[in-house]
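In what follows, a single structure is set out as structure tokens and then discussed.
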Amino acid sequence: MASSTSPAPFTTEILPVALSDIDYPREADMPCIRQSSVTFANLHKAADIITKHIAPVAFPTETVYGLGASALSSTAVRQIFAAKNRPSDNPLIVHISSVSQLQRVLHTKVPEIYEPLVQKFWPGPLTIILPLPDPIRNEDGTETPAVSPACTPGQSTFGVRMPSHPVARALIAITDTPIAAPSANASSRPSPTTAMHVFTDMAGRIPLILDGGPCDVGLESTVIDGTVSPPAVLRPGGVSIEDIRKYGGPLWTDVVTGKSEAGRDEKVRTPGMKYRHYSPKAKVVVFVGQGDGSGGQVATYLRGLPEDLKIGVLPSRSFKIASWDDEMKKKISIVKELGKSGTEISRNLFAHLRDLDDAGVDLIIAEGVGEEDEGAAIMNRLRKAATELLENGRRIVKN
């Protein structure tokens with residue numbers, strides 16, 4: 001169920017941070033930040049809000065903008081759920097600045113099965129599933145969970161990653177606190193890839209957004225689970241399953257893809273498996289395997305639509321709208337090209353869904369892609385955003 005606690009009203013600030021002011025080598029535990037810079041001041045302002053558990057703050061990562069608070073405090077974590085109106089049984093990924101922070105603060109080591117992948121993809125868009133560490137024993141004999149149970153509802157595991165974006169890593173390092181951070185959007189909306197996307201959804205609900213420019217990857221991290229046999233990809237994302245097999249060594253040769261959706265009452269180990277996700281206000285119809293789109297299901301669908309609908313189209317690799325006949329073209333109000341490469345499509349997908357929403361379209365027609373390499377993550381997000389999917393003669397209508 002969604003959080004019932006309403007966040008306190010805030011005047012939301014957007015504060016700039018410049019990547020050029022931060023030097024954070026891969027193996028370093030702490031960044032070097034130009035102390036006379038606005039970046040230094042704004043990072044410390046955000047860190048102060050987090051360490052005092054005042055409210056979550058939004059910050060850029062290489063994948064999407066995150067909404068962060070201390071992963072050690074249930075009070076702080078519940079503020080995230082309230083700000084997003086996020087269902088409380090949807091787990092949160094914990095973000096760290098270094099492997100040493102994982103060991104020192106969370107008393108957790110990277111298991112051997114993950115070592116080759118962590119070496120290759122950390123810092124970066126890869127989340128690993130780990131067993132929850134033992135509770136911390138206090139001097140009075142009581143115990144405190146090492147990770148807030150609000151991050152891991154009903155689970156014996158938690159997801160953790162080290163982001164590569166220097167602003168994200170620097171913020172986590174300055175607080176010296178592992179940070180729980182889902183995407184910084186209202187629950188069910190497309191994930192934000194710019195500070196203004198965050199402001200659109202979160203204005204008045206959080207005090208501060210660090211603006212580090214557009215996100216480079218554009219889709220969330222890949223989540224992998226090496227606690228099961230065979231190991232599994234629970235959520236496709238910024239690292240492809242092909243690369244997991246390539247760089248993971250013999251233990252990952254037989255990696256499988258977990259189911260993409262879970263039942264409403266089912267406990268899940270990773271976000272993105274329950275509830276509607278990534279959805280704009282407009283209806284989204286995804287077409288797969290339709291060639292240039294000039295005939296078949298695309299043409300039949302478009303011609304059957306009312307004349308007064310405002311329609312946006314998201315072509316990618318194959319749709320050639322110039323080849324569509326005049327009857328089809330006159331139905332289209334806006335076209336936003338997603339790009340041809342997997343990197344381009346990933347980076348543009350959420351941003352263009354939001355662009356078409358801002359333009360007030362009633363319907364979005366999106367071209368699907370093959371599921372090799374980045375395509376698995378792209379199609380995972382499109383399927384979750386879609387209200388209809390038309391693929392190779394099949395039509396799937398979602399509630």
Side-chain angles (χ1 to χ4, degrees), residues 12 14-22 24 31 39 42-43 46 56-68 80 84 92-93 95-97 121-127 161-172 179-186 189-202 206 208-223 235-240 271-272 277-280 314 316 336-339 341-358 373-374 376-378 380-382 384-385:
T12 303
I14 301 179
L15 300 182
V17 283
L19 277 62
S20 58
D21 290 330
I22 306 170
Y24 206 152
T39 298
N42 290 342
L43 276 168
V57 301
F59 58 92
T61 79
E62 72 279 13
T63 57
V64 299
Y65 272 71
L67 185 65
I80 296 174
K84 285 176 59 74
L92 302 180
I93 291 168
H95 296 68
I96 57 172
S97 59
F121 297 112
W122 272 15
L126 181 71
T127 295
R161 87 174 183 99
M162 188 197 308
S164 63
H165 198 292
V167 172
R169 276 190 81 197
L171 179 63
I172 301 165
I179 290 179
S183 54
N185 54 293
R189 294 272 291 141
S191 298
T193 57
T194 69
M196 282 308 300
H197 292 164
V198 180
F199 188 82
T200 297
D201 284 10
M202 293 283 117
I206 60 174
L208 190 152
I209 302 166
L210 293 176
D211 185 356
C215 299
D216 187 53
V217 176
L219 298 180
E220 296 86 353
S221 64
T222 300
V223 181
R235 181 181 73 182
V239 177
S240 70
H277 276 71
Y278 319 123
S279 301
L314 297 177
S316 57
K336 298 284 292 185
E337 295 280 350
L338 287 173
S341 70
T343 300
E344 288 177 314
I345 298 167
S346 298
R347 186 181 300 129
N348 290 330
L349 178 58
F350 288 146
H352 285 0
L353 286 172
R354 284 180 171 268
D355 288 343
L356 292 180
D357 249 0
D358 291 344
D373 299 320
E374 299 98 332
I378 293 165
N380 173 272
R381 303 321 191 265
L382 278 174
K384 289 181 181 295

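Treat the numbers as computed from the prediction; the structure is a model and nothing was measured.
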Open item on the list: For residues 56-67, which residue pairs pass the salt bridge (charged side-chain N to carboxylate O under 4.0 Å, His left out) check, not counting sequence neighbours?
Closed with: E62-R161

Task: Distance-only side-chain donor-acceptor flag, S341 / T343, under 3.5 Å - done: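 Distance-only check fails for S341 and T343.
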
- [ ] Report yes or no: do R235 and S221 form a side-chain donor-acceptor pair below 3.5 Å?
- [x] yes

Open item on the list: Determine whether a donor-acceptor pair (N or O, by modelled atom type, separation under 3.5 Å) exists between the side chain of T222 and the backbone of L126.
Closed with: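 Here the side-chain-to-backbone pair does not exist.
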
Task: S183 side chain to N185 backbone, donor-acceptor under 3.5 Å - done: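 Not a single qualifying donor-acceptor pair exists.
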
Rounded to the nearest 0.5 Å, what separation is found between the [atom1] atom of [X] and the [atom2] atom of [Y]?
{"X": "D358", "Y": "L353", "atom1": "CG", "atom2": "CG", "answer": "11.0 Å"}
{"X": "I96", "Y": "I172", "atom1": "CD1", "atom2": "CD1", "answer": "8.0 Å"}
{"X": "T193", "Y": "R354", "atom1": "OG1", "atom2": "CZ", "answer": "8.0 Å"}
{"X": "D211", "Y": "T194", "atom1": "CG", "atom2": "OG1", "answer": "7.5 Å"}
{"X": "L208", "Y": "M202", "atom1": "CG", "atom2": "CE", "answer": "14.0 Å"}
{"X": "R169", "Y": "I22", "atom1": "CZ", "atom2": "CD1", "answer": "11.0 Å"}

- [ ] Could you tell me which residues satisfy side chain to side chain contact (heavy atoms under 4.5 Å, CB included) with A377, sequence neighbours excluded, listed by chain and number?
- [x]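 L219, P236, R381.
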
- [ ] Quick one: list whatever passes side chain to side chain contact (heavy atoms under 4.5 Å, CB included) with D21, sequence neighbours left out.
- [x] A18, R34, S37, T39

Are [X] and [Y] close enough that some pair of their side-chain heavy atoms sits under 4.5 Å apart?
{"X": "V198", "Y": "I206", "result": "yes"}
{"X": "P163", "Y": "T63", "result": "no"}
{"X": "D216", "Y": "H165", "result": "no"}
{"X": "S191", "Y": "Y278", "result": "yes"}
{"X": "T12", "Y": "I209", "result": "yes"}

Identify the heavy atoms of [X] and [Y] that sit nearest to each other, and give their distance.
{"X": "C215", "Y": "P192", "result": "SG-O, 4.4 Å"}
{"X": "I345", "Y": "S316", "result": "CD1-CB, 3.8 Å"}
{"X": "Y65", "Y": "G212", "result": "OH-N, 3.1 Å"}
{"X": "S346", "Y": "E374", "result": "OG-CB, 4.0 Å"}
{"X": "Y24", "Y": "P166", "result": "CD1-O, 4.4 Å"}
{"X": "I378", "Y": "G342", "result": "CD1-O, 3.9 Å"}

